[in-house]
Amino acid sequence: MEPAILVITLACGMLVNRINLPPLIGYLAAGFVLYTLGVDNDSLPMLNELANLGVTLLLFAIGLKLDIRSLFKAEVWAGSSLHLMLSMVIFVPILKLLGLVGLVQLTNLTVEQLTLLAFALSFSSTVFAVKVLEDKGDMQSLYGRVAIGILIMQDIFAVLFLTISKGEFPSIWALALLLLPLAKPLIYRAFDKVGHGELLVLFGLVMALVVGAWLFESVGLKPDLGALIIGILLAGHKKASELAKSLFYFKELFLVAFFLTIGLNGLPSVTDIMLAVLLVTLIPLKILLFVYILTRFKLRSRTSMLGSFNLGNFSEFGLIVAAVATSKGWLPSQWLVIIAVALSFSFVLAAPLNAMVGNIYQKYQQKLVKLEKHPLHPEDRQIPVGNPRFLILGMGRIGSGAYDELKARFDGEILGIEHKQELVDFHREQGRNVVQGDASDTDFWEKLDRAPGLELVLLAMPYHAGNMFAVEQLKKLNYQGKISAIVQYGDEGVALRESGVHSVYNLYEAAGAGFVEHVVCELLAAETVKEADAKKAVS
């Protein structure tokens, strides 16, 4: 049966992808198809193990990219807490009303059971949201960071519930985990020595699954929480981003198993499907509530709306909460299937909504702007650029080198754009004119002041998708100057030239040519010195 599982999963994923929906919806559908063919979770224990690994690696990857300080921002910790409480206050009466009008699944539930359901439905999907953000290249955007922060806070709430549901406290040895930061120098030293190949991947798996998941589980804490915390511990290392990329396809493959297991929970009845559809109608309420709360924290209405739509779905953690509740007898067992179907439907709804969010915002912009509170959030205000002659997008090693070379050769103002605040601070200390902003984020271009004297834009960002996106945005701004870009592969250069970039610099080809030029110059210089010394000796 195993070959059929792979074939059906691939076919469903490709079919859904052809109609511009995320493949994960196809994996959910594949789970239901397989269930009709007699496959269930009990018959595939290995699939469940892979699914758990997928969620664990997902949280580890989030930790690798997370700035822990973001969780202490009011819009994150207070926003997520307010949304959780208000969602439960709103959802419980609605669920009670549905029971009163005759939905048998809700008729006999107590207020405590309805509260538990509302708690499960208040969560948003970390898996779905991160996948959408990665596909759009908006992981580092302001709305993306706020959404991820809220999701992590929700995950913490879920972990607390699961810990309490055990009816036992963690081991006293859990306190020893507070000493983990003291091991950071030793872990970083090992991180330095693993290189860049398969040892790096193995190191990441050991950190996520052993030091994180296994160690935390052994002292009575959730293994996923351990993977997240270890990821955060490693986030400050210079190779954290490289490790995240190395584990990317492991994570993606294991998450396919996760979505399959949702569909393998069982087929719902017609009334269960009808109830799941009604539950999905709560999602617009979730979105509106997020928009209102985030604008209270002085985020722009557009930022609030993008983040809210990203959070507009039900969560796999809600499904886990339901699984625990049904296993404890706190909820009827049928609710596990109902929430699984509602989760699937919410993904189907959320995918096109996230694709259309820009158009929806444009339609209701005037009304949404009225929700904004001024002065706006410091990270969500207009970006002052002055009137530079040269603009460099991406101030890593290549961008900063280009900045210094332009400054040495040409007159006129130069401006660098960098999304990492610590790099912005470093460049400013070095005397460079750099502002914080993410050119792969639509918000950046919305907030960017116009620069009429701009002659040249250098695209020095590490990701091809980000450079292509920047070219599209420059076109929308009717930019008439020159554009130059850094690429790593030949096909990227072709795509950029076709999109309107005037000059392309292939990093690897140019590095090889530059290396030869450097060596030849040194050898020639050395030979010249030897010839001069020989002439002096003869004379």
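What you see is a predicted model, and the numbers here were worked out from it, not measured in a lab. The analysis underlying the following values was restricted to heavy atoms, covering all of them including side chains, and did not include hydrogens, waters or symmetry mates.
A side-chain donor from one of E372 and S301 sits under 3.5 Å from a side-chain acceptor of the other. With 3.5 Å as the limit, one finds a donor-acceptor pair spanning the side chains of T56 and D224.
Between the side chain of N310 and the backbone N or O of N354, no donor-acceptor pair lies under 3.5 Å. Under the 3.5 Å distance criterion, the side-chain polar atoms of N467 are matched with a main-chain donor or acceptor of M461. Looking only at distances, a side-chain donor or acceptor of Q113 sits under 3.5 Å from a matching main-chain atom of T110. Remark: the backbone N or O of S125 is paired with a side-chain donor or acceptor of N313 at under 3.5 angstrom. The backbone N or O of V219 lies less than 3.5 Å from no partner atom in the side chain of S171, so there is not a single donor-acceptor pair. Judged purely by atom type and a 3.5 angstrom limit, T107 uses its side chain to pair as donor or acceptor with the backbone of G99. With hydrogens and angles ignored, the 3.5 Å screen pairs a side-chain donor or acceptor of H83 with a backbone N or O of K286. Looking only at distances, no side-chain donor or acceptor of T326 sits under 3.5 Å from a matching main-chain atom of S333. Between the side chain of T303 and the backbone N or O of L299 there is no donor-acceptor pair closer than 3.5 Å.
We find that E379 and R145 are joined by a salt bridge, their nearest charged nitrogen and carboxylate oxygen being less than 4.0 Å apart.
Between T261 and L44, the closest side-chain pair of non-hydrogen atoms is not below 4.5 Å. Side-chain contact between L282 and L121 is present, with at least one heavy-atom pair separated by less than 4.5 Å. Proximity of K184 to L233: side-chain heavy atoms (C-beta onward) are separated by under 4.5 Å at one or more points. Looking at K373 and F297, their side chains never come closer than 4.5 Å, going by heavy atoms from C-beta outward. Using a 4.5 Å heavy-atom threshold, the side chains of V341 and V277 count as separate. With a 4.5 Å cut-off on side-chain heavy atoms, L264 and L47 count as touching. A heavy-atom distance below 4.5 Å is found between the side chains of M88 and T115. Two residues are said to be in side-chain contact when any heavy atoms from C-beta on lie closer than 4.5 Å; F157 and F123 meet this criterion.
Counting non-hydrogen atoms of other residues, nucleotides and ligands closer than 6.0 Å to OH of Y364 gives a total of 12 or fewer. Heavy atoms from other residues, nucleotides or ligands lying under 6.0 Å from CG of L175 number more than 12. Annotation for Q366: atom CD does not count as buried by contact number, only 12 or fewer foreign heavy atoms lying within 6.0 Å. In the displayed structure, Y292 atom OH is contacted under 6.0 Å by at most 12 heavy atoms of other residues, nucleotides or ligands.
With sequence neighbours excluded, the residues satisfying side-chain contact (heavy atoms from CB on, under 4.5 Å) with V201 are L205, S246, L247, F250.
One distance of note links NZ of K251 with CG of L53; it measures 14.0 Å at 0.5 Å rounding. The structure places OG1 of T36 at 7.5 Å from CG of L34, a figure rounded to the nearest 0.5 Å. The OG atom of S80 sits 6.0 Å away from the CD1 atom of I150 when rounded to the nearest 0.5 Å. One distance of note links CD1 of I8 with OH of Y27; it measures 14.5 Å at 0.5 Å rounding. Here the CG atom belonging to L260 is positioned 9.0 Å from the SG atom belonging to C12, to the nearest 0.5 angstrom. Atoms CZ and CG, from R302 and D380 in turn, are 10.0 Å apart once rounded to the nearest 0.5 Å.
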Can I287 and L311 be said to form a side-chain contact (heavy atoms from CB on, under 4.5 Å), step by step?
CA-CA 7 Å; I287 293 174; L311 298 167; over 6 Å; no
Checking V321 against L116 for the side-chain contact (heavy atoms from CB on, under 4.5 Å) test, could you report, in this order, the C-alpha distance in whole Å, the side-chain angles of both residues, the deciding distance, and whether it holds?
CA-CA 9 Å; V321 168; L116 186 55; 4.3 Å; yes
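Between H237 and F191, the ring planes lie parallel to each other; the angle is under 30°, not in the 30° to 60° tilted range. Relative ring orientation between W330 and F161 is described as perpendicular, the plane-to-plane angle rising above 60° on a 0-90° scale split at 30° and 60°.
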